[in-house]
Amino acid sequence: MTATQRRGRRIMMTDAERDAFLTEQRTCRVATVAPDGHPHVGALWYVWDGGALWLYSITRSLRWAHLRKDPRIAVVVDAGEEYGELRGVELRGTAAPVGESPRTGEPCAELEGVEREFARKNFALEEMIHDGRHAWLRLVPETIVSWDFRKLGLPSGQPTSPSGV
């Protein structure tokens, strides 16, 4: 069950808006926690299936090393340049590997649709190409927070932030 957003309800996305936004965007920022408690953030491409965020990551990365020790993860997908255009989604939960690691293309029914969508979205291919260096992580969010500043209805030419800075 996903936690309900308590703050910013005026600018939060509806479920349909959030799903459309996550489906159309392609890059996210993934935060993991190092054993010493420091955060690590890196960018990845992803696929959203309406209930889970699927991340295709290099298995020899710092991200994977952190997740082996602490599977907690936070991901942000955002867009917009001007203050009144900013929109995004933060998803938090526990990452779980799916399929073989690293992925070589062994049959995995759970990954069929995800890999087809990832290949289409990011490479304009009909089929996923495996390099034996990446593997899949699935995040079924425990918490989702969204924002869409376009809902504020600011006239164009407004400052880039509420304080005018």
Side-chain angles (χ1 to χ4, degrees), residues 1-8 12-13 15-81 86-148:
M1 176 162 180
T2 306
T4 304
Q5 182 169 338
R6 294 176 185 252
R7 300 176 79 193
M12 97 179 189
M13 295 179 190
D15 290 349
E17 290 168 339
R18 181 200 61 223
D19 288 346
F21 177 76
L22 289 172
T23 299
E24 76 185 27
Q25 298 300 312
R26 122 186 224 192
T27 304
C28 65
R29 289 161 191 79
V30 179
T32 57
V33 182
D36 67 2
H38 283 87
H40 168 71
V41 180
L44 282 178
W45 284 346
Y46 71 90
V47 170
W48 173 251
D49 71 5
L53 195 75
W54 295 84
L55 306 162
Y56 196 57
S57 175
I58 292 178
T59 59
R60 300 187 107 193
S61 66
L62 188 55
R63 174 181 312 106
W64 272 84
H66 290 171
L67 291 171
R68 281 187 194 101
K69 294 183 182 345
D70 184 345
R72 292 177 300 163
I73 191 170
V75 177
V76 170
V77 179
D78 60 351
E81 296 295 323
L86 298 178
R87 58 194 174 125
V89 178
E90 178 193 22
L91 308 104
R92 285 184 281 154
T94 302
V98 178
E100 81 269 25
S101 177
R103 184 97 172 102
T104 59
E106 290 295 319
C108 180
E110 196 171 6
L111 292 174
E112 285 179 15
V114 171
E115 289 186 336
R116 190 172 28 260
E117 178 59 19
F118 189 86
R120 185 203 61 73
K121 180 178 181 180
N122 297 304
F123 303 114
L125 297 173
E126 294 300 315
E127 196 172 295
M128 188 76 176
I129 297 172
H130 302 284
D131 62 7
R133 298 175 41 219
H134 290 77
W136 286 100
L137 295 165
R138 177 183 54 216
L139 168 61
V140 177
E142 296 163 13
T143 304
I144 300 176
V145 176
S146 66
W147 59 92
D148 186 345

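Since the structure is predicted, the reported quantities are computational estimates derived from the model, not experimental observations.
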Closest contact, heavy atoms only, W48 versus T23: CD1-OG1, 3.9 Å
From D15 atom CG to I144 atom CD1, the distance as rounded to the nearest 0.5 Å: 8.0 Å
Judged by atom type as modelled, is there a donor-acceptor pair below 3.5 Å linking the side chain of R26 to the main-chain atoms of N122? yes
Heavy-atom closest pair, residues A52 and R138: CB-CG, 3.7 Å
Between the CD atom in E106 and the CG atom in L111, the distance rounded to the nearest 0.5 Å is 12.0 Å
Contact summary for V30 and I73, nearest pair of heavy atoms: CG1-CD1, 3.4 Å
Kindly give the heavy-atom pair with the smallest separation between L139 and T94, and that separation in Å. CD1-N, 3.7 Å
Does S101 reach the side chain of P97, with side-chain heavy atoms less than 4.5 Å apart? no
Pair L55-C28, side chain to side chain contact (heavy atoms under 4.5 Å, CB included): steps then yes or no: CA-CA 9 Å; L55 306 162; C28 65; 3.6 Å; yes
When R68, R72, H66 are each screened for side chain to side chain donor-acceptor pair (under 3.5 Å) with D70, the one that passes is R72
More than 12 heavy atoms of other groups within 6.0 Å of E24 CD: yes
For the side chain of Q25 and the backbone of A79, is there at least one donor-acceptor N/O pair under 3.5 Å apart? no
To the closest 0.5 Å, what do you measure between NE2 (H134) and CG (L137)? 11.0 Å
Let me see the working for V114 and Y56 under side chain to side chain contact (heavy atoms under 4.5 Å, CB included), right down to the final yes or no. CA-CA 10 Å; V114 171; Y56 196 57; over 6 Å; no
In Å and rounded to the nearest 0.5 Å, what is the CZ to CH2 distance from F118 to W45? 6.5 Å
State which residue, out of I58, T59, T32, fulfils the side-chain contact (heavy atoms from CB on, under 4.5 Å) condition with W64. T59
Locate the shortest heavy-atom distance separating F21 from V77; write the atom from each residue and the value. CE2-O, 3.5 Å
For the pair R103 and E115, find out whether any cationic side-chain nitrogen is under 4.0 Å from an anionic carboxylate oxygen. yes
Intermediate values then yes/no, side chain to side chain contact (heavy atoms under 4.5 Å, CB included), D78 and L86: CA-CA 7 Å; D78 60 351; L86 298 178; over 6 Å; no
Compare every heavy atom of E90 with every heavy atom of W147, then report the nearest pair and how far apart it is. CZ3-N, 3.9 Å
Rounded to the nearest 0.5 Å, what separation is found between the CZ atom of R116 and the CE atom of M128? 12.5 Å
From L44 CG over to R29 CZ, what is the distance, rounded to the nearest 0.5 angstrom? 11.5 Å
Do R18 and S146 pair up side chain to side chain, a donor and an acceptor below 3.5 Å, judged on atom types alone? no
